[in-house]
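Worksheet: the structure to be examined is printed underneath.
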Amino acid sequence: MLAARAHVQGRAQRSASLRHRRLIEDPMAIVFWQLGAELFSAAAIGYGRTPSDLTIEIAGDPRNRDLAFRALLEFAGPFIEYFEAPAEDRETITKGNYSFDRSASIPQLIVANTGTIAMIGNLGRRLAYLSTDGPYAADPQLIRLGQHFLFIARHALTPGQQLVVSMTDLTREHWVTALSEYEAASLSALDAYVQPPPGVHGFHAATQAEAAPVGPQPEGEMDAEVEPLVDAFNEARAKRTEPKVVLPLLGPITEHYTPLVQHTFELIWRVHERERATPEAPSVQRRFDVDCDAYIRHIDWTNTVGRRRTRQTHRQAAMTVRELEEAQSLLDAEEATDDPVRMIGYLLDGKALEGEVARVDENNREVVNVRAVRRPLIAVSCEEPCRMPRGRTLYWTEQPQGKGWTVEEITPAPGGGSTVTLKLLTGSFNALPVVGERACFSILHTGTHYRQKLPRDAPWTHTPAQAPEAPENIEDSQAA
Amino acid sequence: MASLNELEVPSSPREIADYALARFGRTVDYRAFASIRRDERRAYDSKRTSRNVYIVPALEGRWLLPARGRFTLSEWPIEQRLIGPHSLRVDHLKVAINIAGQLAWMTGRDAERADALSHLLANYARSIPGAMDEGSTDPERITGAARAELEVLRGDDDQWRAQTAERVARLPAEEQLWGAAPPHLVEAQGE
Amino acid sequence: MTKKRGIDQGRLDAIRGKAQQRTPTVRALANFSGHTPCPTATLAFAAEVDLDQLPNGTAYEMPFGASPYHFSRGESFEALVKRDRYGLLLGLLRDQLGFAVSDAKVVDLRSAYPKNREGLRLRAHETRRLLAEIARKDPDAVNLIDGAVLSTEIGGKPAYFEADSLAARFGGELHVGEIKSFPVVDERGDPEKVGAALDQASMYAHLTCATVTEVGGNDAIVARDALLITPKNVGLTPTMSIVPIAKRMARAARLLAAAPDVQDLIEQLPPRSGFAYACEGAGEEASRLEAIHTMLDAVGNHYTPDCLKDCGLARICRERAFQAGAPMLVGTKAIRLLPGVIGLERAEELASGAPAAATERAAADQLARAERLYGRALRAAGGNA
């Protein structure tokens with residue numbers, strides 16, 4: 001429906017009335033460009049903590065390890081400083097018999113797309129396990145950068161996390177366009193559909209805008225343009241890689257990348273600003289706390305152990321898939337109960353009902369296990385026919401963590417709607433719906449009591465015969 | 001030409017250049033080979049030159065077509081200028097044995113050349129089972145391993161070369177050196 | 001094969017005219033196989049027209065310029081794999097597939113044959129002969145064919161395709177090998193690239209099966225695993241993975257069979273039309289675009305958003321879909337959600353309560369409900385905020 005409307009009106013329609021991700025005060029925007037087939041190195045790195053503060057590092061020829069690492073090292077200093085600062089401000093939280101640290105905030109990277117997050121992962125994989133001795137000893141700063149990058153890319157798999165936020169995904173979370181999946185992967189096109197110039201249909205604005213690539217992968221003739229510059233650069237440096245030789249030669253390559261980096265950088269901030277204007281959804285706080293915990297664990301781990309397995313053990317794999325699924329359904333539940341626009345899909349699918357509260361019987365009693373206990377009843381009059389089976393357990397969206405309600409009775413009402421009677425499954429409650437107000441009940445529950453824990457030790461059938469190997473350095477031993 | 005003479009098997013520009021560098025310390029730009037076939041052919045056709053050795057393409061496969069990028073010397077016997085199903089591997093082993101011989105001879109005479117040859121040999125020996133087990137480049141060991149593999153393949157290869165050489169000998173003299181023209185396939189489905 | 005008619009090659013050549021030609025590789029075939037439901041793509045493929053280049057110089061040009069770095073990396077990696085007269089490749093086959101030392105018969109079908117159509121035919125002929133030897137377990141059968149050429153019919157038109165390597169142990173299975181230069185780290189590569197490489201290998205394996213059957217062999221000798229040869233980690237050291245492709249092979253066969261009959265398409269095209277009138281140099285931009293629209297009108301197209309990934313006409317077809325308000329503009333999901341609804345504009349009308357025709361009723365109900373709920377939710381949200 002919304003896609004059709006977007007097509008007819010020529011601009012995107014909101015698919016959320018709230019913002020379901022936290023956007024912190026002081027994020028860092030990061031932009032990468034790579035050379036065609038070089039997935040593990042950056043040709044250009046752009047970063048900055050405000051829209052007017054863009055710093056660009058250029059490798060020259062990223063296929064050369066020394067040159068690629070030189071540019072990354074320039075970036076590593078400011079990045080590490082930014083990334084580690086929030087860990088200074090922390091409190092200790094005690095839950096039962098164990099306690100842990102939680103930071104007051106997190107660093108937040110804002111990037112254009114998931115391609116950039118994948119690139120963060122690739123660079124992390126390459127840098128985190130470099131050897132610190134031998135002929136190719138790497139700077140410890142690079143390794144630290146790699147460890148942070150690897151963590152960020154892995155944490156990015158957690159649904160709803162906010163350590164790294166892709167502006168493309170953020171926009172798609174909150175807007176519906178008539179663009180296909182494939183087209184909407186371009187932040188340029190997506191942004192143009194959301195905010196087309198006056199009088200221009202979103203479709204045409206997007207087809208115009210999609211010609212402007214966002215990175216990190218080059219498109220069209222880009223590499224063909226940069227190739228002669230890189231060749232000339234290589235000739236001029238005559239195999240030397242020292243900064244004093246290389247830096248003065250970077251000019252033309254920098255000129256090539258600067259407008260490209262700038263375009264993406266500006267786009268990121270433009271989307272960031274637009275989305276920040278929407279009020280934040282209440283459940284964001286819980287996910288933010290999860291991010292803070294993960295972040296502090298990572299920082300503490302980096303300072304002590306410093307090595308991490310690349311391949312998962314069987315137990316880790318099982319946990320991860322499970323946890324991801326749970327986190328995803330929790331996220332979906334939180335977003336829908338926070339935001340009436342997000343609830344529409346559940347209402348359409350008959351997984352939720354919504355209407356005006358017609359009657360509240362706070363003191364209804366019935367016999368449970370020989371004792372008469374309080375079980376409040378309410379009746380909701382819905383404009384739509386209710387197709388839910390009796391006995392189904394629903395949760396009030398105002399209290400999605402609370403006790404459930406069962407569908408007791410459904411009576412058709414004149415005009416095609418129905419009146420649904422619901423019974424609360426507990427006698428103790430803080431608040432009940434109020435007669436005359438609208439209320440929504442859905443199958444979504446955001447409590448955690450039903451989640452069972454996997455055994456701490458994998459059963460022997462799932463235990464690998466030996467410990468996983470330490471991850472290898474992925475540099476070519478003959479790297480030039 | 002000196003390199004090809006010592007390699008004794010059809011070789012690519014790259015192989016020739018690598019060998020020339022290791023053996024003689026001479027840099028050969030292998031891009032120069034791009035036009036060598038045309039130049040050599042012109043020299044051969046011209047009545048004025050009276051060279052007796054030309055760089056000619058190896059003859060490949062069933063139809064004895066001239067192979068691109070695989071060069072031989074016209075003075076070699078026909079058998080040596082052919083490439084059949086076994087020949088690529090057999091030639092590789094032969095070169096490895098040759099280089100091992102050169103290395104043994106060079107060791108103690110010219111440390112720099114020996115070192116370069118040793119590197120080259122290590123590259124050749126990588127794909128020969130049992131040649132590099134110690135991780136060091138030992139010419140004797142490599143020769144032994146290459147001979148052992150050659151033993152397995154040589155019979156069939158020699159037989160193919162002998163039979164094919166007879167066919168080549170029936171070609172016009174020019175085609176014996178420069179390769180046959182591609183045959184014309186008659187358009188007929190379901191042969 | 002119910003009808004067996006010749007293809008009017010003369011007419012096909014005229015339809016192509018001076019349009020850029022496409023090189024017949026298995027990669028191109030694998031690419032095309034995603035577009036077999038599209039009559040125009042099929043016609044272009046049969047006429048060997050490179051659609052990617054066709055709209056060059058018009059507003060609908062596709063940004064498909066390949067990175068020279070992709071190209072040079074691919075070239076140098078392939079040369080590396082075949083270095084030492086295939087020594088490295090044979091080593092991988094010995095280590096991973098148990099090739100014996102005597103399994104070292106290599107045929108290189110690239111180096112000696114002319115680089116033209118005639119060369120392709122000769123190589124296809126030789127490939128058939130070599131495959132027949134392998135199929136009947138001839139002791140002289142080769143173990144590795146580099147640059148095999150296989151043939152198949154697309155919509156009734158025979159065509160040749162050049163592929164990477166085929167490997168067979170003596171008396172054992174025949175494997176197709178695909179050499180790709182994207183890095184594989186921790187046994188993982190870019191899923192999209194791996195998928196494309198496997199689709200290509202599957203197409204290749206499918207054609208190999210067909211050829212083996214044609215020469216009287218049993219296609220069970222063709223392994224349902226592909227050999228994927230890629231660089232390990234950040235360097236270029238080759239590594240070989242053995243990947244199952246049975247499902248992809250079945251899909252390849254299905255896709256190829258779905259191509260419409262080329263002769264039919266030729267006959268649908270009005271006189272004085274075709275790629276010849278649409279290519280660069282054929283006239284003004286407007287008349288070239290007109291020629292493309294004429295073709296699309298006459299034989300039809302099958303636009304999906306996936307076309308944008310690899311078809312040169314995609315932006316033109318997208319514009320047409322936009323003008324028509326086709327639900328396909330949004331993707332296949334929209335088609336599923338709007339059964340019986342002809343266009344996005346109609347969907348919007350139905351949502352705002354336009355009376356629905358019988359075929360539209362199911363979709364119309366949902367649309368109208370969605371509309372009501374959306375309006376109410378926005379009002380509710382507005383009240384909250």
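As the structure is a computational prediction, the values presented were derived from the model and not from experiment.
For chain C, the option among A67(B), S12(B), G179(B) with the highest count of heavy-atom pairs below 4.5 Å is A67(B). Of the listed residues (S102(C), G91(C), A79(C), A100(C)), the greatest number of heavy-atom pairs within a distance under 4.5 Å of chain B belongs to S102(C).
The contact between P183(B) and chain C is made by backbone and side chain atoms together, counting heavy-atom distances below 4.5 Å. When heavy atoms are compared at a cutoff of 4.5 Å, R129(C) approaches chain B solely by way of its side chain, counted from C-beta outward. Contact of L90(C) with chain B is made through the side chain alone, with heavy-atom distances under 4.5 Å. Contact of W160(B) with chain C is not made at all, since no heavy-atom distance falls under 4.5 Å.
The environment of R73(C) atom CZ is dense: over 12 non-hydrogen atoms of other residues, nucleotides or ligands sit within 6.0 angstrom. Counting non-hydrogen atoms of neighbouring residues, nucleotides and ligands closer than 6.0 angstrom, the CD atom of E75(B) exceeds 12 such neighbours. Residue F24(B) places its CZ atom among more than 12 non-hydrogen atoms of other residues, nucleotides or ligands, all under 6.0 Å distant.
Inspection of non-hydrogen atoms places G84(B), P85(B), H86(B), L88(B), R89(B), D91(B), H92(B), V95(B) of residues 76-105 of chain B under 4.5 Å from chain C. Contacts between residues 134-149 of chain C and chain B, defined by a heavy-atom separation under 4.5 Å, are made by V142(C).
Salt bridge R70(B)/D108(C): present, at least one basic N to carboxylate O contact under 4.0 Å.
Proximity of R83(C) to R14(B): side-chain heavy atoms (C-beta onward) are nowhere separated by under 4.5 Å. Looking at heavy atoms from C-beta onward, E60(B) lies out of side-chain contact with Y113(C) at the 4.5 angstrom threshold.
The backbone N or O of S127(B) sits less than 3.5 Å from a side-chain atom of R94(C), completing a donor-acceptor pair.
Heavy-atom minimum distance, P114(C) versus R68(B): CA-NH1, 4.4 Å. What you find for V101(C) and L153(B) is that their closest heavy atoms are O-CD2, 3.7 Å.
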